[in-house]
Amino acid sequence: MTAPISSAPVVTRFAPSPTGFLHIGGGRTALFNWLYARGRGGKFLLRIEDTDRERSTPEATAAILRGLTWLGLDWDGDVVSQFERRDRHAEVAHEMLVRGTAYKCFSTQEEIATYRSAREAEGASYAAFVSPWRDADPATYPDAPYVIRMKAPRTGETLIEDQVQGRVVIKNETLDDMIVLRSDGTPVYMLAVVVDDHDMRVTHVIRGDDHLNNAARQQMVYDAMGWAVPTWAHIPLIHGPDGKKLSKRHGATGVEEYQAMGYPAAGMRNYLTRLGWAHGDAEIFTSAEAMQMFDLAGIGRAPARLDFKKLENTCGHHMAMADDAALLHELRAFLTAAGLSALTDVQEVRMKEAVPFLKKSAKTFPELLEKAAFLMVSRPVAQDEKAAASLDTVSRGILKSLTPRLRNASWSKDALEPILNEIAAEYGIGFGKLAAPLRAAIAGRTVTPSVYDMMLVIGRDEVIARLEDASS
RNA sequence: GGCCCGUUCGUCUAUCGGUUAGGACACCUGGUUUUCAACCAGGUAAGAGGGGUUCGACUCCCCUACGGGCUGCCA
């Protein structure tokens, strides 16, 4: 055994297989690993588990990288391709052969299938294959293809000390002699992860609890090589709102879909961090704060359900907290991701003025855009049904008399306020009655931001022009 | 089938043998308001079921139910 690695600097990793987009559950797993490493001055590595050549695609790898990048999860060093390390994996398999902790098995897949059906016919419910080659004399080896299997312990038990699940005891008799190297010489996942995690000096393996049982098999490999076992933390999977495993029918399962739906990345990170993890009553926090607080002990043992309402609420807080320039930048990225047209120069200028107040009440980018409708449109402003209704003859008269007074006013809320109040008083109406046609004229709708905010953003000339359009 | 994991308000969770079981989202009520939001105040709401252990169990043990995972020359 090598020295305990608990005192070494923290190294975590995210190791997805490139068979599709980055799943929201995978995104959270990556986030936990990132938070844990970053909060401890450690390293967060990225490895693509592409040993399955049939299902792995470069497109999927690209999608995963995009998803992580959008989430703001930066990794250290180069992306490691597991497939490219296959020679090293094979080397370890052969070393286990030398050590006597693994053996060559010449049984064909047909023989294994026959063995299993025979056992089942005998009434055995579980038919782990027992290879006749386990203790065979090398002198009897045929000149035929073979796989390399682990020589798994038959008795005793394997103890998994998991930081989330606690002590998990697996009886060794339930573990079979798993294959580590296929007959074509390529490594199997169980071998590859262990070799890679060891070579990459990973200290903490934080991953989905669908791997909990696998940890016992992998520990066999560590033991067979005399390597130190990393700290395990198997986190529960994310479920859909109905408590079932998250799948396509629940709606969005891919991280990039959330980007396209317009959730800000900071809010997404906050929400995902709190999904299945808690630190007292902490709810809204920055990633820097999360790094300080994040620990394995705070991870829950039960699967968590996705709650879009809470996601939105969390995102709303982060929209409001965001830096104006950064938010504008993220808005542009959203427009691209959602396939919407980019802002025109005029819209850019106005948006820059509007973001400081729009961000306070928007939860997502589509919502922000909805509130920004008044600055996106160009003259003549189309009226929706309710807006048109509020622009009756009387209202148009009021707007008409307002226009000249705006010409000479200084363009600030303090200067505008008395003017509007004055008009309202002259016509003997409340400010609310005046605001309705104003909203209609300026935005073409009845639900808008404050009339003052809108006027200041689009400017005097545009306001007057829109009022004239509406009142003529 | 076998093995493994899980189960506190509708949801995310706090609690680490003694609390009026706390917070957040959602929901309801009221306030504020120039519309929608936002915001402020208050309210409804929980320990899967059954046995133990204990002076005392949400907390420890067992059983049941339900949910999930693993059981591949997939990862």
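All figures in this text were calculated on a predicted structure; none of them were measured in a lab. In the text below, chain A, chain B and the rest are named by the order of the sequence lines, each starting its count at 1.
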- request: Compare the minimum distances between each of B:G69, B:C36, B:G72 and the side chain of A:D176, then state the nucleotide with the smallest one.
  value: B:G72
- prompt: Hey, what's the ring geometry for A:F374 with A:F357, parallel, tilted or perpendicular (30° and 60° as the breaks)?
  reply: parallel
- prompt: Distance-only, no hydrogens or angles: does the A:R269 side chain make a donor-acceptor pair with backbone N or O of A:L71 under 3.5 Å?
  reply: yes
task: Would you classify A:V168 as touching base, sugar-phosphate or nothing, given that sugar-phosphate means primed atoms plus P, OP1 and OP2, and contacts are heavy atoms under 4.0 Å?
output: sugar-phosphate
query: Which is true for A:T158 with a 4.0 Å heavy-atom rule: it touches a base, it touches only sugar-phosphate, or it touches nothing?
result: nothing
message: Can you identify which nucleotide, out of B:C36, B:C70, B:U35, has its nearest atom closest to the A:T448 side chain?
response: B:U35
task: Please tell me which of the listed nucleotides, B:C70, B:A14, B:G68, lies nearest to the side chain of A:A278?
output: B:A14
- line: The Watson-Crick or G-U wobble partner of B:A65, with both key distances under 3.5 Å, is B:U7
message: If you assign each of A:V169 and A:V188 to its closest nucleotide in RNA chain B, which residue comes earlier from the 5' end?
response: A:V169
- prompt: Looking just at side-chain N and O atoms, do A:R439 and A:T448 make a donor-acceptor pair shorter than 3.5 Å?
  reply: yes
field: Interatomic distance, A:F308 CZ vs B:C12 C1' [rounded to whole Å]
entry: 14 Å
- request: Rounded to whole angstrom, note down the P distance from B:A14 over to B:A24.
  value: 15 Å
A:M178 CE - B:A75 C1' separation (whole Å): 13 Å
query: Mind checking the P distance from B:G43 to B:A57? Whole angstroms is fine.
result: 30 Å
message: Closest approach to the side chain of A:H239, judged atom by atom: which nucleotide of B:C3, B:G67, B:A75 is it?
response: B:G67
task: Go through the side-chain N and O atoms of A:S401 and A:Y427 and say whether any donor and acceptor fall under 3.5 Å apart.
output: yes
message: Strictly by Watson-Crick or wobble contacts shorter than 3.5 Å, is anything paired with B:G1, and which nucleotide is it?
response: B:U71
- line: A:N213 CG to B:G72 P, in whole Å, measures 12 Å
message: Between B:U59 and B:U54, how far apart are the two C1' atoms, rounded to whole Å?
response: 13 Å
Sugar-phosphate, base or nothing in reach of A:Y452, heavy atoms under 4.0 Å: base
task: Remember a base hit wins even if backbone is also touched, and classify A:S17 as base, sugar-phosphate or nothing at under 4.0 Å, heavy atoms.
output: sugar-phosphate
- request: Check every strand shown and say whether A:M190 touches a base, only sugar-phosphate, or nothing at a heavy-atom separation below 4.0 Å.
  value: base
Solution key, residues 301-309 of chain A side-chain donor-acceptor pairs under 3.5 Å, sequence neighbours excluded:
from   : atom 1 : to     : atom 2 : distance (Å)
A:R305 : NH1    : A:P241 : O      : 3.4
A:D307 : OD1    : A:K309 : N      : 3.1

task: Would you mind listing every salt bridge (Lys or Arg N to Asp or Glu O under 4.0 Å) that reaches into residues 51-62 of chain A, with sequence neighbours excluded?
output: A:D50-A:R53, A:D52-A:R55
message: Say we look at B:C39 and B:A45: how far apart would their P atoms be, to the nearest angstrom?
response: 25 Å
task: Applying salt bridge (Lys or Arg N to Asp or Glu O under 4.0 Å), name anything that partners A:R88, two or more places apart in sequence or on another chain.
output: A:E91, A:D199
- request: Examine the side chains of A:T314 and A:N270 and answer whether a donor and an acceptor come within less than 3.5 Å of each other.
  value: no
statement: Checking N1-N3 plus N6-O4 or O6-N4 for Watson-Crick, or N1-O2 and O6-N3 for wobble, each under 3.5 Å, the partner of B:A57 is none
message: Over all strands shown, is A:Q109 touching base, sugar-phosphate only, or nothing at heavy-atom distances under 4.0 angstrom?
response: base
- request: Remember a base hit wins even if backbone is also touched, and classify A:H211 as base, sugar-phosphate or nothing at under 4.0 Å, heavy atoms.
  value: base
- prompt: Between residues 433-445 of chain A and RNA chain B, which residues have a heavy-atom gap below 4.0 Å?
  reply: A:A435, A:R439
- prompt: Looking only at side-chain N and O atoms, does A:T51 come under 4.0 Å of OP1 or OP2 in B:A75?
  reply: yes
Scan nucleotides 24-26 of chain B against the protein and return all N/O pairs shorter than 3.5 Å with their distances rounded to 0.1 Å.
from  : atom 1 : to     : atom 2 : distance (Å)
B:A24 : O4'    : A:E283 : OE2    : 3.4
B:A24 : N3     : A:K310 : NZ     : 3.1
B:C25 : O3'    : A:N313 : ND2    : 3.3
B:C25 : O2'    : A:K310 : N      : 3.2

Identify all side-chain donor-acceptor contacts of residues 18-29 of chain A below 3.5 Å with residues at least two apart in sequence or on another chain.
from  : atom 1 : to     : atom 2 : distance (Å)
A:H23 : ND1    : A:G25  : N      : 2.9
A:R28 : NH1    : A:L275 : O      : 2.5
A:R28 : NH2    : A:P236 : O      : 2.4
A:T29 : OG1    : A:G25  : O      : 3.0

- request: Could you measure between the two C1' atoms, the one in B:A26 and the one in B:U44, and give it in whole Å?
  value: 12 Å
- request: Select from A:R301 and A:A304 the residue whose nearest nucleotide in RNA chain B is closer to the 5' end of that strand.
  value: A:R301
field: Residue among A:F106, A:Y103, A:Y146 satisfying ring pair (Phe, Tyr, Trp, His ring centres under 6.0 Å) with A:Y141
entry: A:F106
field: Any side-chain donor near an acceptor of the partner, A:W232 and A:Q165, under 3.5 Å
entry: no
field: Rounded C1' spacing from B:U8 to B:U13 in Å
entry: 9 Å
message: Mind checking if A:G276 touches a base, just sugar-phosphate, or nothing, with heavy atoms under 4.0 Å?
response: sugar-phosphate
query: Contact class for A:P449 (heavy atom, under 4.0 Å): base, sugar-phosphate, or nothing?
result: base
query: Given the P atoms of B:G6 and B:A48, what is the spacing between them in whole Å?
result: 14 Å
field: Identity of whatever pairs with B:A41 - Watson-Crick or G-U, under 3.5 angstrom
entry: B:U29
- line: If pairing means Watson-Crick or G-U wobble with both distances under 3.5 Å, then the partner of B:U35 is none
- prompt: If pairing requires Watson-Crick or G-U wobble contacts with both distances under 3.5 Å, which nucleotide is the partner of B:C16?
  reply: none
- prompt: Base, sugar-phosphate alone, or nothing: which one does A:V193 contact when heavy atoms must sit under 4.0 Å apart?
  reply: nothing
statement: Per atom distances to the A:R55 side chain, the nearest of B:A75, B:U7, B:C73 is B:A75
message: Just by distance, no angles: are the side chains of A:T186 and A:R86 close enough, under 3.5 Å, to form a donor-acceptor pair?
response: no
query: Are A:H318 and A:Y263 close enough that their ring centers fall under 6.0 Å?
result: no
task: Identify whether any heavy atom of A:N214 sits under 4.0 Å from a base atom; if not, whether one sits that close to sugar-phosphate; answer base, sugar-phosphate or nothing.
output: base
message: Please give the distance between the P atoms of B:G50 and B:A65 as a whole number of Å.
response: 15 Å
query: A:I179 near the nucleic acid: base, sugar-phosphate alone, or nothing, with a heavy-atom cut-off under 4.0 Å?
result: base
